[in-house]
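Both backbone and side-chain heavy atoms feed into the values below; hydrogens, waters and symmetry mates do not. Nothing fancy with the numbering, it's 1 onward along the sequence. All figures in this text were calculated on a predicted structure; none of them were measured in a lab.
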Amino acid sequence: MSFELLSLETLQEIAHQYGYWAIFLGILVENAGIPMPGETITLVGGFLAGNGDLNYGWVLLSATSGAILGDNLGYWLGAWGGWPLLVRVGKIFKLGEPELERARDQFSRNGDRAVFFGRFIALLRIFAGPMAGIAGMPYRRFAFFNAAGAIAWGLLTVSLSYFVGALVPLEQLATWMTEFGIVGLGLFLAWLALARWRLGSAAVTPEDTPS
């Protein structure tokens, strides 16, 4: 999800001026758990590469390395800062402790998929790293799925704006990615609700049912 702290025009100016560093730092900060339009500036980088202003390979490397390092920072922030930090961040999105506790429990059971697919889902991209640390996910497992997800996400995001940017306005691409992230979040929440319902149903034994 793109948090409109900066306009698309401003992000283009930043990418023009600072190039690969802007892409690297933008996605690093977002993946570390701080709301920033990292995905949008990555789209801008791919778009500029398609125009010949930047190099595709360097944009891809900047985006993926920033995503990998950012989630690693988020993981260790979660492991060391723990629950109080997540509660403070959750207040930004109006998420209370009960919701965060349920998310932590679900994350513990589905950490691999959450880290990998979280790249493509609004909000989860910000919370996945810190939540993995808080949930105590083994670091080696986290590092593998984190890197795999970052590479897949980087290839999709940068390639999309690189190849399609000549045919579709950048504003439209950014809108599509935002909508995709929101839909992904909705599906993820629906899946969590279904999993929780199925666990609750399985806990009801014949002895628990009224006669």
Kindly give the heavy-atom pair with the smallest separation between [X] and [Y], and that separation in Å.
{"X": "Ala114", "Y": "Ala128", "value": "O-CB, 4.2 Å"}
{"X": "Pro138", "Y": "Tyr75", "value": "C-OH, 4.0 Å"}
{"X": "Ala132", "Y": "Val115", "value": "CB-CG2, 4.3 Å"}

Could you label the plane-to-plane angle of the Phe120 and Phe116 rings as parallel, tilted or perpendicular, counting under 30° as parallel and over 60° as perpendicular?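 The rings of Phe120 and Phe116 sit tilted, inter-plane angle from 30° to 60°.
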
With the 4.5 Å side-chain cut-off for hydrophobic clustering, are Leu60 and Ile68 part of the same group?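 As far as the 4.5 Å side-chain criterion goes, Ile68 and Leu60 are not connected within one cluster.
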
Nearest-0.5 Å distance that lies between atom [atom1] in [X] and atom [atom2] in [Y]:
{"X": "Asp71", "Y": "Leu28", "atom1": "CG", "atom2": "CG", "result": "9.5 Å"}
{"X": "Leu48", "Y": "Ile41", "atom1": "CG", "atom2": "CD1", "result": "9.5 Å"}
{"X": "Arg140", "Y": "Phe145", "atom1": "CZ", "atom2": "CZ", "result": "15.0 Å"}
{"X": "Phe47", "Y": "Ser161", "atom1": "CZ", "atom2": "OG", "result": "8.5 Å"}
{"X": "Tyr162", "Y": "Tyr56", "atom1": "OH", "atom2": "OH", "result": "8.0 Å"}
{"X": "Asn72", "Y": "Tyr139", "atom1": "CG", "atom2": "OH", "result": "3.5 Å"}

Is it true that a side-chain atom of Ser65 and a backbone atom of Ser62 form a donor plus acceptor pair closer than 3.5 Å?
->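 Yes: the side chain of Ser65 pairs with the backbone of Ser62.
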
**Prompt:** Is Asn55 reaching over with its side chain to a backbone N or O of Gly57, donor-acceptor style, under 3.5 angstrom?
**Reply:**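 Side chain of Asn55 to backbone of Gly57, a donor-acceptor pair under 3.5 Å: yes, one is there.
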
#### Entry: Heavy atoms from other residues, nucleotides or ligands near CH2 of Trp76 exceed 12 (cutoff 6.0 Å)
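More than 12 heavy atoms, drawn from other residues, nucleotides or ligands, come within 6.0 Å of this atom.
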
Out of Val59, Val158, Leu61, which residue meets the side chain to side chain contact (heavy atoms under 4.5 Å, CB included) rule with Ile23?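 So, applying the side chain to side chain contact (heavy atoms under 4.5 Å, CB included) to Ile23 and each of Val59, Val158, Leu61, only Val59 qualifies.
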
